[in-house]
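A short worksheet on the structure shown next.
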Amino acid sequence: SVSGKEVGNALLNVVLKSQPLVPRENITAWMNAIGLVITALPEPYWIVLNDRIVSVISSATLTSDTEWVGYPFQLFDFTACHQSYCEMYCSYVLALAHAVWHHSSIGQLSLIPKFLTEVLKPLVKTEFQLLYVYHLVGPFLQRFQQERTRCMLEIGIAFYEMLQNVDQNSKYLSYMDPICDFLYHVKYMFTGDSVKDQVEKIICTLRPALKLRLRFVTHISKVEPAAPVQPTTSASPAVPSGQVSTGVALPVTQ
C-alpha cells in the first residue's frame, strides 16, 4: 500500500517539479485542482505541505544575505516569477500553499497557529524569512478573524515573536517600514487591542528604530518627567508688580 505522505508529496510535485504535461498558462488552475483534491483527503495527505514550507524557510535563498540580493517582494511574486521563467521554488510553494489553504476547512486552518509557533518561529532569523511568513499567512487573516478569533490572536502574537527573533539575530534591518506597516494593518484590521499586553512586552525589547515605528501599536506615550522647579530663596530678586514669574502656574479659566 502507498502511504498518505507519499500520495500527498506526489500531488504537490505535479506543479512543484515542473512536469512537462502541465501547461504553463494553466498552472494556477492545476494548483487549485490540487488544493481541492488534497484537502478532501485525510490529514496525512495534506500535512506534507508543511514540510515543503519548512524546506523553503530553511533554504539558502531566505537564510543567506548573499544568495538573493534583489527586492524580496519580487522573489515572492509567483505571477512575475512564472511569467519571466524565473522558476523560483519559494514562490511556487507560496502559491501552492495559498491554493491548498484557500480550499481548506476552518478546522484544517486551525492548525496553522501551532505550526507557526512550534515549527516556524524557531527557524525565522532573517528578514526574508519573516517576510515570507507574513506573505504566507496574511491572505487568511480575515477568515481567521471571522471564524476563529482565538487563532487570529495567536497568530498576531506569533508575528511579533518572530520579529523579536529577527531583531536579535540581525545586525541590520533593511525592511523595517514594510514590516511595521504590515503589523499596523494586522492591528487595525484584525486584532485591535486584544493582544496589546503581550505585544507591548515584546516591543519594549526591540531596537530603538523598531520601537519608534511601532510606538502607536499599544497607544502608550512615554512622557519624560519634567525638570523640578527650583524653589525661590530669600536672595532671589523680587518680582516687580505687574509682572508674573515664569515659575508660577496661572489658573486656567474654562
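FYI, the numbering just counts along the sequence from 1.
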**Message:** Hydrophobic clusters here meaning ILVMFWY residues chained together by side-chain heavy-atom distances under 4.5 Å, can you tell me if I106 and L111 are in one?
**Reply:** yes
**Request:** Please state whether the rings of F159 and Y134 are parallel, tilted or perpendicular, taking 30° and 60° as the class boundaries.
**Result:** perpendicular
**Prompt:** Is there a chain of hydrophobic side chains (I, L, V, M, F, W, Y, each step under 4.5 Å between heavy atoms) that links Y89 to F73?
**Reply:** yes
**Item:** pair T63-S59: side-chain heavy atoms closer than 4.5 Å
**Value:** no
**Message:** Check for me, please, whether L36 and V7 land in the same ILVMFWY cluster - side-chain distances under 4.5 Å, paths through other members count.
**Reply:** no
**Asked** Is there a donor-acceptor pair under 3.5 Å between the side chain of H82 and the backbone N or O of F78?
**Response** no
**Asked** With distance as the sole test, does Q108 use its side chain to make a donor-acceptor pair with the main-chain N or O of S105 at under 3.5 Å?
**Response** yes
**Fill in**
In short, C81 meets L75 closest at the heavy-atom pair SG-O, 3.8 Å
**Asked** Do V37 and V2 share a hydrophobic cluster (ILVMFWY, side-chain heavy atoms under 4.5 Å, transitive)?
**Response** yes
Name the atoms and distances for all side-chain donor-acceptor pairs under 3.5 Å in residues 176-186, with sequence neighbours left out.
from : atom 1 : to   : atom 2 : distance (Å)
D177 : OD1    : R213 : NE     : 2.7
Y184 : OH     : R213 : O      : 2.6
Y184 : OH     : F216 : N      : 3.1

**Message:** Between L212 and I202, is there shared hydrophobic-cluster membership here, with clusters defined by ILVMFWY side-chain heavy atoms closer than 4.5 Å?
**Reply:** no
**Message:** Testing the basics here: between M31 and A95, what is the closest heavy-atom pair and its distance to 0.1 Å?
**Reply:** SD-CB, 3.8 Å
**Asked** What closest approach, in Å, do V22 and V14 show between heavy atoms, and which atom pair accounts for it?
**Response** CG2-O, 3.7 Å
**Message:** When you compare the side chain of K125 with that of L130, does any pair of heavy atoms fall below 4.5 Å?
**Reply:** no
**Listed once per pair and sorted, the ring-ring contact (aromatic ring centres under 6.0 Å, His included) pairs that draw on residues 96-125, sequence neighbours left out** = H98-F140, W101-F140
**Backbone N/O of A99 and side chain of N32: donor-acceptor pair under 3.5 Å** = no
**Message:** Restricting to non-hydrogen atoms, name the atom on M152 and the atom on T191 that form the minimum distance, rounded to 0.1 Å.
**Reply:** CE-CG2, 3.9 Å
**Asked** So how far is it from N50 CG to K114 NZ, rounded to the nearest 0.5 Å?
**Response** 11.0 Å
**Prompt:** When rounded to the nearest 0.5 angstrom, what distance separates CE in M162 from CG in L123?
**Reply:** 9.0 Å
**Asked** When you look at V217 and E200, which way does the side-chain contact (heavy atoms from CB on, under 4.5 Å) test go after all the steps?
**Response** CA-CA 8 Å; V217 169; E200 182 184 358; over 6 Å; no
**Message:** Using only atom types and a distance under 3.5 Å, with no angle test, would you say the side chain of T126 pairs donor to acceptor with the backbone of Q129?
**Reply:** yes
**Asked** How long is the gap from CZ on R143 to SG on C151, to the nearest 0.5 Å?
**Response** 11.0 Å
**Nearest heavy-atom neighbours spanning L210 and L163** = CD1-CD1, 4.2 Å
**Message:** Using every non-hydrogen atom in the two residues, find where L120 and V133 come nearest and quote the distance to one decimal.
**Reply:** CD1-CG2, 4.3 Å
**Message:** If we ignore hydrogens and angles and just use 3.5 Å, is the side chain of R52 paired with the main-chain N or O of V93 as donor and acceptor?
**Reply:** no
**Message:** In the structure I gave you, are the side-chain heavy atoms of F76 and L62 within less than 4.5 Å of one another anywhere?
**Reply:** yes
**Prompt:** Short question: side chain of S170, backbone of D167 - any donor-acceptor pair under 3.5 Å?
**Reply:** no
**Asked** How many angstroms lie between atom CD1 of I155 and atom CG of L109, to the nearest 0.5 angstrom?
**Response** 8.5 Å
**Prompt:** Distance from L141 atom CG to F190 atom CZ, nearest 0.5 Å?
**Reply:** 5.0 Å
**Message:** Main chain of F144, side chain of E147: is a donor-acceptor contact present, judged purely on distance under 3.5 Å?
**Reply:** no
**Message:** I need the I157 CD1 to S194 OG distance, nearest 0.5 Å.
**Reply:** 9.5 Å
**Any E127 side-chain heavy atom under 4.5 Å of P72 side chain** = no
**Request:** Kindly say whether G107 contributes a backbone atom to a donor-acceptor pair with the side chain of R148 at under 3.5 angstrom?
**Result:** no
**Side-chain donor or acceptor of N169 paired with backbone N/O of N165 under 3.5 Å** = yes
**Asked** Q198 side chain to Y160 main-chain N or O, any donor-acceptor pair under 3.5 Å?
**Response** no
**Asked** Without hydrogens or angle criteria, can the side chains of T205 and Q164 be said to hold a donor-acceptor pair below 3.5 Å?
**Response** yes
**Asked** In terms of ring plane angle, is the pair F128 and Y175 parallel, tilted or perpendicular, where the classes change at 30° and 60°?
**Response** tilted
